[in-house]
Each structure stands twice: as C-alpha cells, then as structure tokens.
Amino acid sequence: MRIAIVHRDRCHPRKCGTECIIYCPRVRTGDETVVIGEDGKAFISEELCVGCGICVKKCPFEALDIVSLPEELEHPTHRYGENGFALYGLPAPTEGKVTGILGPNGIGKSTAVKILSGQLKPNLGFFEREIAWEEILKKYAGTELFEYLNTISQKKLKVAVKPQYIDYIPKVFSGTPRELLKSTDERGALASCIEALNVTPILENDISTLSGGELQRVAIAACLARDADFYFLDEITPFLDIYQRMAAANLIRELALRRPIVIVEHDLAILDMLADTVHVAYGKPAAFGVITQPKGVRVGINQYLEGFLPEENVRFRDHPVLFEKRAHAAGSDRATLLEFPPMKKTFDQFSLEITGGSIRAGEVLGVLGANGIGKSTFARLLAGAEEPDGGPITLSSRVSYKPQYIKAPSSDTVEFYLRSCTTTFDTSLYQHDIIEPLSLRPLLQSPLDTLSGGELQRVAIAACLSRPADLYILDEPSAHLDVEQRVKITRMFRHHVDGRDAAILVIDHDIYLVDMISERILVFDGTPGVHGEATGPFDMREGMNRFLSRLGITFRRDKTGRPRINKPGSYLDRDQRANGEYYYYTDKEMGE
Ligand code: ADP
Ligand code: ADP
Ligand code: MG
C-alpha cells in the first residue's frame with residue numbers, strides 16, 4: 001500500500017519549475033501521473049504513481065511525500081481526500097478512565113477526536129462516494145469501539161473540549177473570566193474548578209490582559225465545568241508551572257471517576273500520573289498517523305521512550321531515550337566557567353535575591369521554580385538585559401539568551417535569520433547538529449512572522465545555540481514543542497556543550513526534560529509575585545529534594561530509571577517523605 005501526500009501549504013507551482021511533473025518518469029512516457037489540479041496545487045495520481053520518489057527529492061519546497069505503508073495498514077480510518085493525510089486506528093474513550101494519546105503534532109490526534117465526537121464521519125479511505133454508517137459499523141464489529149461508534153451513528157455525543165491553542169480566546173471573547181465561565185457551569189462544579197486552579201484572583205480581570213498561564217487555567221476550568229458525554233483536553237500544561245500542572249491533573253483525575261476523558265499531553269511525567277491507558281500515535285506528521293491499541297500507561301510511555309512498539313513490531317526512532325539510574329554524579333571534576341556574584345533585583349511589587357554561584361564548563365544546569373518567582377529575571381540579569389540593584393555586573397563570559405516569550409524579530413526568512421547568527425551555516429556539522437534535530441529544513445524559506453508557536457520556538461533555540469558564546473541560556477524551551485521534539489532537544493543540549501568550554505542553563509517546567517539534561521540544578525523558592533530566592537547550583541539529589549519537598553510530591557524510579565510520581569499518601573510516598581528521599585528511589589519490591 002502506497003500513498004502520495006501533497007502538503008498544500010508548501011506547494012507553490014507558480015514559484016517553482018514544476019519539477020514534480022518535469023522529472024516524473026511516468027509523465028515522460030505520456031501518463032498524467034502528476035498534474036497541476038484545478039486548485040493550482042500539484043496532484044499525484046496514486047493509481048499511476050510507481051513510487052520512485054523522484055518528485056519528492058526534486059520539489060524545492062519539500063511539499064511532497066510518497067509513503068509505502070506496511071500491509072496491515074491497508075484500510076485507513078479516515079483520509080482527507082486523495083493526496084491528503086491518512087489516519088489509521090482510533091482511540092477508545094472508556095467510562096471512568098483517562099485515555100492518553102502520546103505522539104507528535106500533526107499525527108492525527110485532533111482528527112481522531114473529531115471522529116469520536118461525531119463532528120467528522122470517518123470515510124474509511126473512500127472519498128469518491130458517501131459511506132453509510134452500516135458499512136462503518138460492520139468494519140468495527142467485535143471491537144471495543146463498536147458500541148461507541150454505534151452511539152455516535154445515532155446521535156451526536158456532547159463533547160467538552162480544551163483546545164490546544166488558547167491564544168485565540170481573547171480574540172473571540174471580550175469580558176472577564178467570570179463572564180466567560182458563567183455559561184459553562186453545567187454540572188455545578190464550576191466553583192470547585194475555579195478554586196482548585198486558583199482562578200479566583202483573576203476573575204474580574206480583562207481576558208485580554210491575562211498571561212498564558214492564567215488563560216490556560218481559565219480554559220481548563222471552562223472545559224471541566226461542562227456536562228458532557230466525554231471530555232477532550234488537548235494539552236493542559238503549556239504555560240503552567242509544576243504546581244499548577246499537578247493541580248489541573250488532580251482535578252481531571254477526579255472528574256475521570258465518572259466520565260470518559262481523552263487527553264493529549266507532551267509532559268510525560270504529568271501524562272504518566274494522569275492517564276490509565278495510552279495509545280501511542282506514530283507515523284509521519286502531516287502525511288499519515290497510526291493510533292495503536294491502548295497500552296497500560298507505564299508500558300506505553302516506556303515503549304515510546306524506547307522508540308519501539310513490540311506488539312506492533314514497529315521501530316519509530318533509531319535510538320532510545322534513557323534516564324540515568326543513579327543521581328547524576330558526572331562532571332564534578334569540571335573546571336569553573338564563570339562565577340556570578342550575589343545579586344538583588346527590586347521591582348515595585350517583587351524582589352529577587354540571588355546567592356552567588358558558579359557554572360562549570362561543559363555542564364547543563366537546570367533551573368526549577370514556580371511561575372512568577374524570578375527565573376526569567378535571573379536569566380535577564382545574567383544576559384545583561386536587566387541590571388541588578390546597585391549597578392551593572394560584568395561577567396567574564398559571552399552569553400547567548402533565548403527569552404521565554406519570543407516574537408518574530410522580522411519578516412526575513414528563517415535561513416536569512418540563522419545566517420545572521422552564525423558563519424557556519426553551510427557546514428555539514430551545523431546542518432547535522434542544529435538544522436536536522438530541530439527539523440528546520442522545510443521552514444528555511446518561510447518568513448519568520450508566518451511561523452506557528454512551535455516553529456518559532458525551534459528557530460529561536462537554533463538561533464540561541466548558533467551564536468558564539470560561553471553560556472547559553474534557554475528560558476522555557478519546551479513550550480509549544482511536542483514530545484518528540486523535546487526528546488530531540490534533550491540530546492542536542494547535552495551534545496552542544498559536551499567537551500567544550502561552554503555551558504547551558506535551561507529553565508523549564510517539564511521535569512523529565514530537566515532530569516534528563518541537567519547535571520546540577522538551581523532552585524527558586526519564595527512567594528510568587530512577591531519575593532523570590534535563588535539558591536544553588538546543587539547536585540541533582542539535593543536540588544530535587546529541596547524542590548520537591550516544597551511541592552510535596554515524591555517520585556520513585558521504575559526499572560528503566562524513569563521517575564514516576566507516587567500516589568499521595570501511598571506507602572512509598574509516606575516512606576520516602578519520612579526519609580527525605582523525594583526523587584532518587586529505586587523501587588525494587590514492586591519489581592518495576
Ligand atoms: P494533531 O492533532 O495530531 O496535531 P491533526 O489531526 O490536527 O493532527 O492533523 C493531522 C493532519 O491532517 C495535518 O497534516 C493536517 O494538516 C491534516 N488535516 C487536518 N484537518 C484537515 C482537513 N479538514 N482537510 C485536510 N487536511 C486536514
Ligand atoms: P518567572 O520567570 O519565575 O515566572 P519572572 O522573573 O518573569 O518570573 O517574574 C517575577 C516577578 O517579577 C513577577 O511578579 C513579575 O510580574 C515581576 N517583574 C518581572 N519583570 C518586571 C518588570 N520589568 N517590572 C516590574 N515587575 C517585573
Ligand atoms: Mg519566566
């Protein structure tokens with residue numbers, strides 16, 4: 001089975017030499033295998049195409065894909081027309097459970113949810129004719145989805161959705177969170193949602209003035225307060241700190257006791273505590289996606305990190321992602337790269353105090369702390385974008401800084417911009433170390449101001465790492481990145497400073513990411529919005545214990561070395577608290 005995909009947004013026949021047509025061997029022998037369709041985009045006849053792949057290589061905009069699929073994937077669940085995205089499989093929402101979907105963006109998660117909510121009738125890959133529900137049901141006879149699809153064939157199910165992108169909310173609604181939330185109170189749970197998500201202090205503010213994290217919490221409350229047949233949450237963690245992530249996760253678990261919930265989440269520590277089962281989604285983003293049968297959450301996440309799905313016999317990544325089993329002790333013999341002095345910074349409402357410290361050559365330093373506690377201010381002080389009380393400091397090192405909130409610096413193309421950051425753009429090393437892991441090649445000709453949040457983030461990370469510097473500071477690089485991209489930056493960061501006289505400082509709330517990249521950590525403490533104190537750097541064990549004891553959560557490690565959040569009040573949770581071991585604890589008895 002072979003499918004041909006035209007990425008319509010990247011196909012510009014008026015700007016190229018229609019290489020896909022000119023070089024197609026079938027066209028040369030007189031067939032109409034590739035033509036320009038009525039809509040002005042390339043059209044590939046899947047019947048005539050022999051799959052040589054020449055058009056894919058010749059297209060200057062990387063707009064084409066020809067994919068050979070394994071035998072088992074003969075029948076898609078849905079296809080967006082010939083040359084469109086194909087989805088295989090479907091997740092199964094289950095009463096009383098949280099079902100996770102784990103996979104990259106563009107793999108068909110939202111498409112699957114549109115089908116499950118009855119907004120999209122699956123066409124089983126037949127787009128020339130109308131498909132009857134009888135035919136669809138026949139295909140699913142005897143599967144766990146049959147009953148579910150039978151219900152949506154008769155009526156639409158009511159689904160409450162927390163969409164992935166929340167920045168559109170202020171564009172379609174003007175008023176206060178109180179006004180927005182009023183109409184969502186369908187099951188008498190609004191007050192408790194507002195309370196749990198700490199929305200009360202901002203209820204009377206203007207929606208257009210809310211920060212990303214505030215908007216996210218309002219959006220989650222609006223979804224969970226509804227009375228629906230099933231709930232779909234497309235990422236809950238963006239802009240939230242780990243305290244807020246835990247609060248949202250607990251609220252969702254409570255609702256799940258009574259209602260089916262489907263969730264997409266790229267923060268794996270949170271997905272792990274939230275979901276009962278996960279469907280792994282793999283394939284080729286924007287070309288095809290396969291949603292596996294449900295797997296237990298522990299096994300599913302471990303298979304995902306391993307990059308291999310034994311039941312499906314599919315390897316989708318050529319390397320596993322590993323957690324180090326013991327407390328990271330590496331690098332204690334490293335030389336000091338730079339010392340930062342004790343500093344204070346006072347704003348009208350907020351003050352920050354930093355005990356001085358040192359950063360070592362070749363290390364990745366993680367930074368943990370709540371929102372509004374001064375992490376970005378600290379980064380700006382080191383980067384020289386802000387002066388501490390009492391005058392500027394001079395660091396002996398050059399700093400390259402990626403701010404938390406990024407705006408397109410111009411309407412130049414990505415390539416033009418990156419060339420302005422480095423003289424090594426044309427080297428194979430640069431392509432291999434920066435362009436490839438961030439999947440930037442298809443974006444190189446795009447103007448910066450047309451990029452999505454995730455695309456802009458990847459370009460900003462590339463730009464930061466491209467500049468010559470001794471210290472690289474990345475403020476929340478995981479924001480807007482999917483799980484697979486997070487995996488890639490993890491490797492990239494460590495590799496970037498390995499063996500060099502340079503260091504990276506990464507501020508992030510994704511605890512797996514921080515755990516995987518960091519050699520030591522800096523911990524922020526205090527009262528958000530009022531006062532912050534930065535201490536450290538500590539080695540991982542001490543730093544994590546400090547941070548997590550404040551947070552009041554403990555982690556155990558499974559046999560792969562992956563940290564997992566303990567159930568509050570469980571035997572391990574109580575035992576570890578009593579021993580002050582919040583993070584490095586290998587659970588032998590449970591055989592994990
Ligand atoms: P995810 O939720 O995993 O990010 P989506 O289900 O939103 O993925 O999209 C998967 C692919 O389907 C994308 O390449 C997208 O461009 C394509 N797609 C989504 N909706 C449509 C549509 N209505 N028509 C054609 N293609 C679509
Ligand atoms: P974090 O990165 O930990 O979320 P920030 O460093 O961004 O925290 O902010 C800490 C506090 O300092 C917040 O309460 C914020 O409102 C305040 N703050 C940051 N920059 C300024 C500024 N330029 N003027 C006034 N207050 C500021
Ligand atoms: Mg910040």
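What you are looking at is a predicted structure, and each value in this text was computed from that prediction instead of being measured. Ligands are counted one by one from 1 in listed order, and the atoms in each one are counted from 1 as well.
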Ring geometry between His12 and Phe61 (parallel below 30°, tilted from 30 to 60°, perpendicular above 60°): perpendicular
Exercise check, heavy-atom protein proximity under 4.0 Å to atom 16 (O) of ligand 1: no
Distance filter under 4.0 Å to Ala370 heavy atoms, resulting ligand 2 atoms: 3 (O)
Geometric N/O contact Ile373 with ligand 2, under 3.5 angstrom: yes
Contact summary for Val483 and His266, nearest pair of heavy atoms: N-ND1, 3.1 Å
CZ/Arg8: more than 12 non-hydrogen atoms of other groups inside 6.0 Å: no
Residue Asn105 vicinity, atoms of ligand 1 by number, heavy atom under 4.0 Å: 4 (O)
Any protein heavy atom < 4.0 Å from atom 22 (C) of ligand 1: yes
Under 3.5 Å: N/O of Gly372 near N/O of ligand 2: yes
Minimum non-hydrogen distance to atom 7 (O) of ligand 2, winning option of Gly532, Ser376, Pro528: Ser376
Contact atoms of ligand 2, heavy-atom distance to Gly529 under 4.0 Å: 14 (O)
Salt bridge Lys284-Asp65, side-chain N to carboxylate O under 4.0 Å: yes
Any Gly84 heavy atom less than 4.0 Å to ligand 1: no
Sidechain N-carboxylate O distance under 4.0 Å for Arg520, Glu542: no
Table please: side-chain donor-acceptor pairs of residues 196-204 below 3.5 Å, with sequence neighbours left out.
{"unit_1": "Glu204", "atom_1": "OE2", "unit_2": "Arg178", "atom_2": "NE", "d": "2.6"}
{"unit_1": "Glu204", "atom_1": "OE2", "unit_2": "Arg178", "atom_2": "NH2", "d": "2.6"}

Any N/O pair Thr377/ligand 2 closer than 3.5 Å: yes
Nearest-neighbour protein heavy atom for atom 24 (N) of ligand 1, which is reported as residue plus atom name and distance: Tyr80 CD2, 3.4 Å
Min side-chain heavy-atom separation Ile489-Leu438 under 4.5 Å: yes
Between Tyr512 and Thr490: side-chain donor-acceptor atoms closer than 3.5 Å: no
Atoms in ligand 2 with a heavy atom of Asn371 nearer than 4.0 Å: 4 (O)
Donor + acceptor pair across side chains of Glu47, Ser45 (<3.5 Å): no
Geometric class of the Tyr88/Phe288 ring pair [parallel <30°, tilted 30-60°, perpendicular >60°]: perpendicular
Atom indices of ligand 1, in the order listed, that fall short of 4.0 Å to a heavy atom of Ser110: 1 (P), 2 (O), 6 (O), 7 (O)
Element-labelled atoms of ligand 1 that are located less than 4.0 Å from some non-hydrogen atom of Ile107: 1 (P), 3 (O), 8 (O)
Taking atom 4 (O) of ligand 1 as the reference point, the nearest protein heavy atom with its distance: Gly106 N, 2.7 Å
Nitrogen or oxygen atoms of Lys109 and ligand 1 under 3.5 Å apart: yes
Geometric N/O contact Thr111 with ligand 1, under 3.5 angstrom: yes
Lys139, NZ atom: more than 12 neighbouring heavy atoms under 6.0 Å: yes
Protein heavy atom at shortest distance from atom 8 (O) of ligand 1: Gly108 N, 3.2 Å
For atom 13 (C) of ligand 1, the protein heavy atom that lies nearest, with its residue and separation: Ala286 CA, 4.2 Å
Tyr472 and Tyr401 aromatic centres sub-6.0 Å: no
